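For clarity, every value in this text was computed on a predicted model and none was experimentally measured. Read the numbers this way: they start at 1 and go in the same order the structure lists the ligands and their atoms.
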Amino acid sequence: MKTIFEKIRDKEIPSYMVYEDDLVMAFLDITQATKGHTLIVSKEPYKDYLNTPDDVLKHMAVVSKKVMAALSSLYQPLGFNVLNNLGEAAGQTVFHVHFHIIPRYTNHDVTFEFHPKTSTPKETFIEIHQSLKSALS
Ligand code: AMP
């Protein structure tokens, strides 16, 4: 079954498409978190960030920059959040890789909260540092 973003790609459902090339498309998010909230979406339906080829991810980053530059000159936001939700627990609802480009006009128009239960002990930092560094080498 097609994802909703494939249906948009194939013009089976309407969208406010603002950019398209062979690999990537960009259209306005139907829920405008702020004015100009845009989705950068792969043409192929890779289900999430981890399952997307590097060349496509790189191009999504380049198109994100292009869209932010255009939004900057049109609306002069004070900044942007570039957001990817990976997995249901992280809030992903459409399993077709996409970045949210969210212009920020104040520092309270969108909130992201971290909820640390306690401060992290030094031994935990040491364990994570060693494991992750060695996994990446
Ligand atoms: P996520 O929760 O990160 O998977 O984001 C999915 C996003 O897709 C949400 O922000 C939705 O508002 C947006 N969305 C869903 N359907 C459409 C649609 N038909 N056109 C534009 N945006 C959509």
Side-chain angles (χ1 to χ4, degrees):
M1 204 177 81
K2 282 186 179 181
T3 67
I4 190 150
F5 294 165
E6 287 176 280
K7 291 180 186 169
I8 287 175
R9 175 196 67 194
D10 297 342
K11 319 292 182 214
E12 291 167 14
I13 60 173
S15 73
Y16 296 99
M17 187 74 70
V18 294
Y19 175 86
E20 270 189 275
D21 62 31
D22 290 347
L23 292 177
V24 167
M25 55 192 165
F27 49 83
L28 301 186
D29 194 305
I30 202 71
T31 307
Q32 291 279 283
T34 62
K35 184 179 183 180
H37 179 183
T38 302
L39 297 177
I40 311 299
V41 185
S42 61
K43 283 269 172 95
E44 287 298 311
Y46 308 110
K47 76 168 181 170
D48 61 29
Y49 199 123
L50 278 173
N51 287 283
T52 305
D54 289 355
D55 63 323
V56 177
L57 281 176
K58 285 178 195 168
H59 194 54
M60 288 172 74
V62 171
V63 173
S64 298
K65 183 180 173 189
K66 193 190 277 282
V67 168
M68 284 190 278
L71 287 168
S72 282
S73 48
L74 286 169
Y75 301 125
Q76 295 82 46
L78 302 174
F80 290 92
N81 291 106
V82 180
L83 176 70
N84 171 257
N85 297 323
L86 199 169
E88 210 172 327
Q92 185 174 3
T93 58
V94 177
F95 289 83
H96 179 152
V97 68
H98 54 282
F99 298 161
H100 295 257
I101 304 296
I102 305 174
R104 298 297 301 271
Y105 301 96
T106 72
N107 65 3
H108 51 77
D109 47 9
V110 176
T111 54
F112 299 99
E113 288 183 34
F114 296 99
H115 296 286
K117 290 188 189 73
T118 56
S119 67
T120 302
K122 188 169 182 191
E123 310 82 73
T124 306
F125 277 107
I126 292 168
E127 185 279 311
I128 299 168
H129 175 242
Q130 286 176 349
S131 314
L132 186 55
K133 198 173 163 188
S134 105
L136 290 169
S137 64

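Crowding of Phe95 atom CZ: a count of heavy atoms from other residues, nucleotides or ligands under 6.0 Å exceeding 12.
Minimum heavy-atom separation, Asp109 to Pro103: OD2-O, 4.5 Å.
The residues lining ligand 1, counting any heavy atom closer than 4.0 Å, are Ile4, Phe5, Ile8, Phe27, Leu28, Asp29, Ile30, Thr31, Leu39, Asn85, Gly91, Gln92, Thr93, Val94, His98, His100.
Residues that satisfy the side-chain contact (heavy atoms from CB on, under 4.5 Å) test with Ala33, not counting sequence neighbours, are His37, Ile102.
His96 and His98 have their aromatic ring centers separated by at least 6.0 angstrom. Phe5 and Phe27 have their aromatic ring centers within a separation under 6.0 angstrom.
Tracing side-chain contacts under 4.5 Å through hydrophobic residues (I, L, V, M, F, W, Y), one never reaches Leu23 starting from Val41; they form parts of separate clusters.
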